[in-house]
Amino acid sequence: MGEQPIFSTRAHVFQIDPNTKKNWVPTSKHAVTVSYFYDSTRNVYRIISLDGSKAIINSTITPNMTFTKTSQKFGQWADSRANTVYGLGFSSESHLSKFAEKFAEFKEAARLAKEKSQEKMELTSTPSQRKQALATSKESATGDLQSPLTPKSINGTDDERVTADASQNSEPRAEPNAVPFPHSSTTISKHWEAELAALKGNNAKLTAALLESTANVKQWKQQLAAYQEEAERLHKRVTELECVSGQTTGIKTQKTELNQTIEELEAALKAKEEELEQLKAEVENAHQLQSQKDAVTQKLQETETRNVELEAQLAELEQRLESNQVEQESFRKSLRSLLELLDGKIFELTELRDSLAKLIEGD
């Protein structure tokens, strides 16, 4: 089924500077996906991360690897095959802990798989096969493995084997099972044919065992070469670490200072984000207040315009009132003069009445 992802997370990826061996070089501009893959065909666990189409992590987990937490959100491990050190920066401590747990789990699984493979190899090989493999490995060191393996090259030709057997059987004539020489040629021929068939069977078995041991030797040589290469890389790594060990104290101090600086920057960033949220809220309130102010200003202008109109109407009404008051005053004066005139006329008419009444009474 090939490789399948079994666990994924997101982190910032770093690699150790190959020149200084103490500074981290970021290999991704932002957080990328980091995944554990399992190859069921080879029984291998790998850590893979891609930045676009570029593989920035391709590390095979081996039993001698160790994942180290260097801070609350940062961890690292050394890959001797890639001759580098990988570093991962996580967004939280929980993500780092989960990744470290998975690393330990798959490292243990890789160790068990390696032990099972070695046990299987030991169980499938018999002592004779191991001796034969050892002999074959010695021959392979001198270049004999380059020649093809055939029954003839191992046990000789059929004629050579018949001659050898004949010489061996011709000596012990006193043995009970020896074939007497005076027998007919037909009996001797059947005897040699039976011996030849048995030798051919044994030869085929030995050939198969030798081929199998040769394949095992090749596999062991490949593993030995891989182990030697890994040992050389580890030796180089130890030498580099010995060179860097003198600067460990300074690196730890710088790392502590950097961690403190990062925490301070994160706190300052959080405070700035809170301040920015407050400013956004204040800006929104200011926009609302400006809208209210514009509405009130418009209403005030309308009110002032209405007030001017009402004042004009009031002045006009006052003028009308004054003119009405003047007219009323003149009308009152006219009424008073008319009343006085009427009073005089009434008084005169009263006197005339009285005179007429006196006249009537006198008559």
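In this chain, numbering begins with 1 at the start of the sequence shown.
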I need the minimum non-hydrogen distance between [X] and [Y], along with the two atoms involved.
| X | Y | value |
| --- | --- | --- |
| Ser97 | Lys69 | OG-NZ, 3.4 Å |
| Ser28 | His30 | OG-O, 3.0 Å |
| Asn43 | Ala113 | ND2-CB, 2.9 Å |

Is [X] salt-bridged to [Y], going by a charged N under 4.0 Å from an acidic O?
| X | Y | answer |
| --- | --- | --- |
| Arg111 | Glu115 | yes |
| Asp39 | Arg42 | yes |
| Lys358 | Glu361 | no |

For the rings on Phe67 and Phe99, is their centre-to-centre separation under 6.0 Å?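 Yes.
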Could you tell me if the ring centre of Phe90 sits under 6.0 Å from that of Phe74?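 Centroid distance Phe90-Phe74: not below 6.0 Å, so no.
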Are Ile56 and Val25 joined in one hydrophobic group, where the rule is that I, L, V, M, F, W and Y side chains link up if heavy atoms are under 4.5 Å apart?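 In one cluster with Ile56: Val25, no.
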Let me check something: do Trp77 and Phe7 share a hydrophobic cluster, defined by ILVMFWY side-chain heavy atoms less than 4.5 Å apart, either directly or through other members?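 Yes, it is one cluster - the side chains of Trp77 and Phe7 are joined through contacts under 4.5 Å.
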Determine, stepwise, if the pair Thr33 / Arg10 fulfils side-chain hydrogen bond (donor to acceptor under 3.5 Å, both in side chains). CA-CA 4 Å; Thr33 301; Arg10 293 186 66 82; 3.2 Å; yes
Rounded to the nearest 0.5 Å, how far apart are [atom1] of [X] and [atom2] of [Y]?
| X | Y | atom1 | atom2 | value |
| --- | --- | --- | --- | --- |
| Lys270 | Glu275 | NZ | CD | 15.0 Å |
| Lys102 | Lys98 | NZ | NZ | 4.5 Å |
| Ser71 | Ile262 | OG | CD1 | 7.0 Å |
| His287 | Gln292 | NE2 | CD | 13.5 Å |
| Ser8 | Phe37 | OG | CZ | 6.5 Å |
| Leu352 | Ile346 | CG | CD1 | 13.5 Å |

Residue pair Arg353, Glu348: steps toward the salt bridge (charged side-chain N to carboxylate O under 4.0 Å, His left out) verdict: CA-CA 8 Å; Arg353 178 179 175 282; Glu348 290 177 357; over 6 Å; no
Is the backbone N or O of Thr70 less than 3.5 Å from a side-chain atom of Thr68, with the two atoms forming a donor-acceptor pair by type?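 No, because the side chain of Thr68 does not come within donor-acceptor range (under 3.5 Å) of the backbone of Thr70.
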Is there a donor-acceptor contact under 3.5 Å from the side chain of Asn324 to the main chain of Arg320?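 Yes; at least one donor-acceptor contact below 3.5 Å.
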For atom CD of Gln72, is the number of surrounding heavy atoms from other residues, nucleotides or ligands below 6.0 Å larger than 12?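 No.
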side-chain contact (heavy atoms from CB on, under 4.5 Å) for Met65 and Thr60? Distances and angles first, verdict last. CA-CA 10 Å; Met65 282 186 177; Thr60 301; 5.7 Å; no
Identify which one of Val32, Thr27, Ile57 satisfies the side-chain contact (heavy atoms from CB on, under 4.5 Å) criterion when paired with Asp51.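 Answer after filtering Val32, Thr27, Ile57: Val32.
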Mind running side-chain contact (heavy atoms from CB on, under 4.5 Å) on Val34 and Val13 for me, showing each step along the way? CA-CA 9 Å; Val34 182; Val13 180; 4.2 Å; yes
Report the C-alpha distance between Ile48 and Ser35 in whole Å, list the side-chain angles of each, state the deciding distance to 0.1 Å, and finish with yes or no for side-chain contact (heavy atoms from CB on, under 4.5 Å). CA-CA 5 Å; Ile48 297 176; Ser35 302; 5.6 Å; no
Chi angles and distances behind the side-chain hydrogen bond (donor to acceptor under 3.5 Å, both in side chains) call for Gln298, Asp294: CA-CA 6 Å; Gln298 185 176 0; Asp294 293 339; over 6 Å; no
Could you check whether the rings of Phe14 and Trp24 sit parallel, tilted or perpendicular, using 30° and 60° as the cut-offs?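 Judged by the thresholds at 30° and 60°, the geometry between Phe14 and Trp24 is perpendicular.
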Report the relative orientation of the aromatic rings in Tyr36 and Phe103; use parallel for angles under 30°, tilted for 30 to 60°, perpendicular for over 60°.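 Perpendicular: the ring planes of Tyr36 and Phe103 meet at over 60°.
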Chi angles and distances behind the side-chain hydrogen bond (donor to acceptor under 3.5 Å, both in side chains) call for Asp79, Ser59: CA-CA 7 Å; Asp79 190 342; Ser59 178; 2.7 Å; yes
Would Glu273 and Glu277 count as a side-chain contact (heavy atoms from CB on, under 4.5 Å) here? Give the steps. CA-CA 6 Å; Glu273 289 178 351; Glu277 293 295 332; 5.6 Å; no
